[in-house]
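Source: prediction; values computed, not measured. Worth knowing before you read on, the calculation uses all heavy atoms, side chains too, and leaves out hydrogens, waters and symmetry mates. Every number for a ligand or one of its atoms is a count from 1 in the order of the listing.
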Amino acid sequence: MRYLITGGAGFIGSHLAERLLDRGNRVVLLDNLSTGSVENIRHLKSSGRMQYHLDNIENRQLLAELVDDADVIVHLAAAVGVKLIVESPVKTIETNVNGTQLILEAACKKKKLVLAASTSEVYGKNTNVPFQEDADLVLGPTTKGRWSYAASKALDEFLAISYWKEKKLPVIVARLFNTVGPRQTGRYGMVLPNFVKSALDNTTISVYGNGKQSRCFCDVRDTVEGVIRLMDSERAIGEVVNVGNTEEITIEGLAHRVKERTGSFSPIEYVPYDKAYEPGFEDMMRRVPSVEKLQALTGFRPHTPLNEIIDRVAVFFRQKTEGLDVQKLATASAD
Ligand code: UDP
């Protein structure tokens, strides 16, 4: 099988590529390095079954060729990270909506299977956890930049499902919940790499809001396993499926846990959302996936305990500081 992965040099894309190569598949990565990095895939270059193109999805000719050569397309390329989204809403909307549209259009010509990555953000302010895939999406006003991410991803989902219903293009939508692990950078505001990095440096850990909001963190190896199993499952076609871990922790609890696991002396400070993001920023208080559908379709549910995830991320940052070949080590620790 040959897989085209858009966003293949990103955090999740690089782990997915690695796992597919491990099981003997061929992978082609398309990435414009907006948030991805060549560092993430350097260790895969020696594989004779990996190719990469540093280009935009908007390069229609290249995209058509790559789609032609692939059996399956995994569409991960997107604007990610709440900080980035709040700062550049135009880019977020354009990247997410146009990119998905171009992928679906190109795939449809050859009727190639597309797995489109979506996000738990689409559940928005819904408070009815755990979130089931058929739950209502409760988004805030269009004047608040944060919701542009959820809205753009929801539109991507509508488009993907419509391609399936109307044009019989086989698609699967995977809603990913707070994926974390080695190689994720804190640069775009993600909480776990930021906390671990601060803890290792013994600098201040910044908890936004009152810290009572909670999340469920899914090890990237589990996310990748869930995504691969969905692509291998005929029954997942035309479906929207959550992929996440169900172990829930408050962000304040996470700060303490990270300190404890790393033996850090970092002080913990509370930063109001207005200061952390933008005036009037709205957060989600709880975000817990229902993974019943994933399990029913694939027999798999993410299981890596949070403590193990924190330890793996800490090892990654320690090695990075020491200047070791972290990508190779991230692979080794992922085996
Ligand atoms: N957060 C935090 N400190 C940080 C980064 C994030 O307290 O340095 C909070 C953020 O406000 C949110 C949660 O941690 O409540 C998860 O944030 P992240 O951006 O990782 O993912 P989200 O779930 O918001 O997509």
Side-chain angles (χ1 to χ4, degrees), residues 10-12 35 78-89 92 96 117-127 129-131 137-140 144-154 175-181 183-201 203-220 223 242-259 264 266-289 306 309-310 313 317:
F11 157 57
I12 300 177
T35 53
V80 288
V82 178
K83 267 223 153 73
L84 182 71
I85 282 142
V86 167
E87 279 159 20
S88 324
T92 302
N96 293 356
S118 184
T119 165
S120 55
E121 274 268 330
V122 298
Y123 291 105
K125 294 192 272 189
N126 190 326
T127 51
V129 295
F131 296 138
L137 310 185
V138 186
L139 304 188
K144 298 199 169 171
R146 189 222 167 106
W147 301 112
S148 64
Y149 180 49
S152 66
K153 283 298 203 175
R175 284 186 184 153
L176 310 184
F177 281 67
N178 293 80
T179 304
V180 291
R183 286 185 217 139
Q184 184 176 39
T185 151
R187 211 176 306 139
Y188 308 107
M190 277 84 168
V191 67
L192 190 65
N194 274 324
F195 280 11
V196 172
K197 221 171 161 299
S198 303
L200 293 176
D201 295 344
T203 56
T204 304
I205 294 179
S206 301
V207 170
Y208 300 161
N210 65 10
K212 306 289 182 222
Q213 72 275 29
S214 69
R215 294 293 186 271
C216 297
F217 296 94
C218 186
D219 190 293
V220 66
T223 305
N242 291 336
V243 180
N245 193 315
T246 52
E247 184 182 345
E248 187 180 7
I249 188 164
T250 64
I251 297 304
E252 181 179 55
L254 181 71
H256 288 286
R257 185 80 70 87
V258 166
K259 269 189 72 171
S264 166
S266 288
I268 296 175
E269 66 163 4
Y270 290 80
V271 179
Y273 286 122
D274 286 17
K275 237 176 112 192
Y277 296 109
E278 62 178 355
F281 180 84
E282 294 178 324
D283 202 0
M284 293 155 178
M285 284 314 288
R286 292 180 75 192
R287 203 195 257 171
V288 184
L306 180 59
I309 300 176
I310 294 172
V313 172
F317 278 117

Can a cation-pi geometry be assigned to Arg146 and Tyr273, taking NZ or CZ under 6.0 Å from the six-membered ring centre and within 45° of the ring axis?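 Not flagged: Arg146 not positioned over aromatic ring of Tyr273.
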Flag the pair [X] / [Y] as yes when at least one side-chain heavy-atom distance between them is below 4.5 Å, and no otherwise.
{"X": "Arg175", "Y": "Ser120", "result": "no"}
{"X": "Lys259", "Y": "Ile205", "result": "yes"}
{"X": "Tyr123", "Y": "Val129", "result": "no"}

If we ignore hydrogens and angles and just use 3.5 Å, is the side chain of Ser266 paired with the main-chain N or O of Ser198 as donor and acceptor?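 Yes; judged by distance alone, with no hydrogens or angles, the pair exists.
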What residues come within 4.0 Å of ligand 1, counting heavy atoms only?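 Answer by chain and number: Val82, Glu121, Arg146, Asn178, Gly189, Met190, Val191, Asn194, Phe195, Ser206, Val207, Tyr208, Gln213, Arg215, Ile251, Tyr273, Tyr277, Asp283, Arg287.
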Distance check, rounded to the nearest 0.5 Å: Thr119 atom OG1 versus Asn242 atom CG?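 Reported to 0.5 Å precision, the distance equals 10.5 Å.
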